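Working notes for the structure below.
Predicted model, so just to flag it, every value in this text is computed and none were measured. Letters A, B, ... are given to chains in the order of the sequence lines, protein chains preceding strands, and every chain is numbered from 1.
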Amino acid sequence: MKYWLMKSEPEEFSIDALAKVGREPWSGVRNYQARNYMMKDMKVGDGILFYHSNTEIPGVVGLAEVVSETYPDPSQFKKKSDYYDPASKPEQPRWWLVDVGFKRKLARTISLDELKAKSEQLGDFALTQRGNRLSVLPVTAAQWKFILSLE
DNA sequence: GCCAACGTTGGC
DNA sequence: GCCAACGTTGGC
């Protein structure tokens with residue numbers, strides 16, 4: 001079992017929105033590295049730290065899990081979609097995703113500031129590395145455990 | 001295959 | 001809303 005951190009702008013799709021719908025196809029990722037994690041490395045049952053970005057207090061706000069195998073992101077073929085990719089062909093889709101299922105909200109937000117302050121305990125962590133913009137990134141079992149111990 | 005221009009992400 | 005970081009695109 002692996003662990004991940006997935007970012008979402010709460011104005012677009014918040015942890016509360018996920019709680020309401022239960023599960024959600026993680027569509028719209030248009031970055032190859034993030035896609036590769038979803039396409040190649042994620043397995044049903046993997047743990048997800050749900051992270052709010054582009055908001056007053058960016059940070060980890062909840063837990064989710066991978067609830068589907070990888071499959072082509074339907075939005076890439078929809079002309080009206082913001083995520084439409086004219087270069088992607090149905091017989092060879094470019095963008096893949098998984099469905100994300102709600103587990104629970106954290107008792108409090110574990111902020112980016114706080115995670116930065118604990119960088120010594122966290123070790124190598126893509127989230128807090130300079131200039132990082134990846135929206136899907138791996139978390140080690142030790143990091144997962146440590147972050148949840150802060151709750 | 002280099003690299004300038006451009007677009008996007010996301011913290012602040 | 002600004003802007004640094006950085007991925008992508010396209011001309012050459």
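Close approach of DNA chain B to chain A, defined as any atom under 4.0 Å from a non-hydrogen atom of the protein, starts and stops at B:dG7 to B:dC12.
When only modelled atom types and interatomic distance are considered, A:Arg133 and A:Ser53 share no side-chain donor-acceptor pair under 3.5 Å. Between the side chains of A:Asp16 and A:Ser14, no donor-acceptor pair is found at a separation under 3.5 Å.
The nearest heavy atom of DNA chain C to A:Arg30 and to A:Asn54 marks one nucleotide each, and the one closer to the 5' end goes with A:Asn54.
With hydrogens and angles ignored, the 3.5 Å screen pairs no side-chain donor or acceptor of A:Asp99 with any backbone N or O of A:Val67. A donor-acceptor distance shorter than 3.5 angstrom exists from the side chain of A:Glu151 to the backbone of A:Ala107, with no hydrogens or angles considered.
Grouping Ile, Leu, Val, Met, Phe, Trp and Tyr by side-chain contacts under 4.5 Å, direct or through others, puts A:Met39 with A:Trp96.
Between A:Arg94 and A:Asp85 a salt bridge is recorded (basic side-chain N to carboxylate O distance below 4.0 Å).
DNA chain B contains the following stems of three or more consecutive Watson-Crick or G-U pairs, with both distances under 3.5 Å: B:1-12 with C:1-12.
Taking the ring centroids of A:Tyr71 and A:Trp95, they lie at or beyond the 6.0 Å cut-off.
Under the 4.5 Å side-chain heavy-atom criterion for ILVMFWY residues, no single connected hydrophobic cluster contains both A:Phe13 and A:Tyr83.
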